[in-house]
Amino acid sequence: MREALKEARKSFEKGEVPVGAVIVHRQKIVGRGHNQMETLHDPTAHAEMIAITQAAEALSEGRTDHRGSLEGATVYVTMECCPMCAGALVLSKAKSVVFGVKDPKAGACGSLFNILQDDRLNHRLTIQGGVLEDESKFFLQEFFRNLRKEKR
C-alpha cells in the first residue's frame, strides 16, 4: 500500500485527483498507476485502469496462451474503486483488492455498490478496506482543500 501512496503523490503533484494503485502478483509489483485523467484528457485514465493495463501486459509477456488475466493478483489502491474500475477488475479475474479510504459517492467495493462481490457476476474478489486510511485520506483532503482555495 505504501507503493500505491507513492503513486498517489505523483497524481497530487500533477494536479490530478490523488489516487494511486499497484498490482502485486507472486510478491512482485507487475503494474503501477496514478490518476491521469487531466493529463491524458481521458476520463478512463484512473489509477487502477492504468495499473491493470501494465499488469496484464507484464503477465502475458512472452506467452501466447495468456489473455491478460490477473488471476492471483492483489490490487492495492488508495481510494475505493469506482464502478468502472471495479468492473474491469472483475473482468480481469484479480484475486483481491486492498484499499485505503472509502468513497461514499462512487465506491463500488461496498460503500455505494459492491460490484466486486456481486453473485450475479462470473467472478468475485476479496476486499479489505481501511488500510493506511489516514495517509490515503491526507492527499485527498489536501487536494480538495487547495481546489476550494483556488475557486475563491
Side-chain angles (χ1 to χ4, degrees), residues 1-133 135-137 139-140 143-144:
M1 184 58 102
R2 296 216 183 274
E3 292 298 315
L5 285 164
K6 288 179 186 177
E7 292 296 319
R9 177 181 289 281
K10 290 177 187 178
S11 294
F12 182 79
E13 290 170 353
K14 291 179 181 178
E16 299 269 2
V17 176
V19 177
V22 296
I23 300 178
V24 175
H25 185 266
R26 294 186 180 161
Q27 300 180 345
K28 179 182 175 195
I29 294 175
V30 293
R32 294 176 176 273
H34 56 277
N35 275 359
Q36 297 182 60
M37 296 177 300
E38 301 293 328
T39 303
L40 299 176
H41 307 287
D42 180 355
T44 68
H46 289 200
E48 302 96 319
M49 299 298 281
I50 293 166
I52 289 167
T53 300
Q54 278 187 15
E57 186 174 314
L59 293 173
S60 63
E61 190 173 305
R63 296 179 55 190
T64 58
D65 64 335
H66 196 276
R67 57 177 183 53
S69 102
L70 303 183
E71 291 178 55
T74 298
V75 179
Y76 295 86
V77 61
T78 57
M79 188 165 90
E80 181 179 5
C81 302
C82 73
M84 174 184 68
C85 295
L89 289 168
V90 168
L91 293 173
S92 78
K93 298 185 187 273
K95 180 178 87 174
S96 59
V97 169
V98 177
F99 70 87
V101 64
K102 288 185 176 188
D103 182 358
K105 293 186 178 183
C109 302
S111 290
L112 187 60
F113 305 105
N114 194 351
I115 292 172
L116 299 182
Q117 296 180 331
D118 192 317
D119 289 333
R120 295 169 295 180
L121 300 176
N122 67 333
H123 181 74
R124 281 159 291 293
L125 290 79
T126 61
I127 302 168
Q128 181 181 358
V131 176
L132 297 181
E133 182 176 7
E135 292 90 332
S136 298
K137 195 181 293 184
F139 285 121
L140 290 162
F143 175 81
F144 287 109

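Count residues from 1 along the sequence.
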inquiry  = I want to check something: taking the side chain as every heavy atom from C-beta on, are Asp103 and Leu112 in contact at a cut-off of under 4.5 Å?
reply    = no

request  = List the steps and the verdict of side-chain contact (heavy atoms from CB on, under 4.5 Å) for Leu125 and Val75.
outcome  = CA-CA 10 Å; Leu125 290 79; Val75 179; 5.7 Å; no

ask   = Hey, mind stepping through Lys14 and Glu38 against side-chain contact (heavy atoms from CB on, under 4.5 Å) and telling me if it holds?
value = CA-CA 9 Å; Lys14 291 179 181 178; Glu38 301 293 328; over 6 Å; no

message = My understanding is that only one of Val77, Ile52, Ile29 makes a side-chain contact (heavy atoms from CB on, under 4.5 Å) with Ile23; could you say which?
response = Ile52

ask   = What residue pairs, at least two apart or across chains, pass ring-ring contact (aromatic ring centres under 6.0 Å, His included) with a residue in residues 10-58?
value = Phe12-Phe139

task = Look only at the side chain of Glu80 and the backbone of Cys109, and say whether a donor-acceptor pair between them is shorter than 3.5 Å.
result = yes

inquiry  = How close do Val90 and Asn122 get, counting heavy atoms only, and between which atoms?
reply    = CG1-OD1, 4.0 Å

task = Mark yes or no for whether Asn35, through its side chain, and Ala47, through its backbone, hold a donor-acceptor pair below 3.5 Å.
result = yes

inquiry  = Can you confirm whether the side chains of Gln128 and Ser96 place a donor and an acceptor under 3.5 Å from each other?
reply    = no

task = Considering non-hydrogen atoms only, spot the tightest contact between Met79 and Val19 and give its length.
result = CB-CG2, 4.1 Å

request  = Name all residues meeting the salt bridge (Lys or Arg N to Asp or Glu O under 4.0 Å) criterion together with Lys102; count only those two or more places apart in sequence or in a different chain, and write none if there are none.
outcome  = none

inquiry  = Given 3.5 Å as the limit, does a donor-acceptor pair link the side chain of Glu7 with the main chain of Val22, or not?
reply    = no

inquiry  = For Glu13, I'd like to know if atom CD has over 12 heavy atoms of other residues, nucleotides or ligands within 6.0 Å.
reply    = yes

inquiry  = Restricting to non-hydrogen atoms, name the atom on Gly15 and the atom on Phe143 that form the minimum distance, rounded to 0.1 Å.
reply    = O-CE1, 3.4 Å

Heavy-atom closest pair, residues Thr74 and Lys95 = OG1-CE, 3.9 Å

inquiry  = Test your reading of the model: is there a side-chain donor-acceptor pair from Glu16 to the backbone of Met37, 3.5 Å cut-off?
reply    = yes

key: Beyond-backbone contact of Thr78 with Pro18, side-chain heavy atoms, under 4.5 angstrom   = no

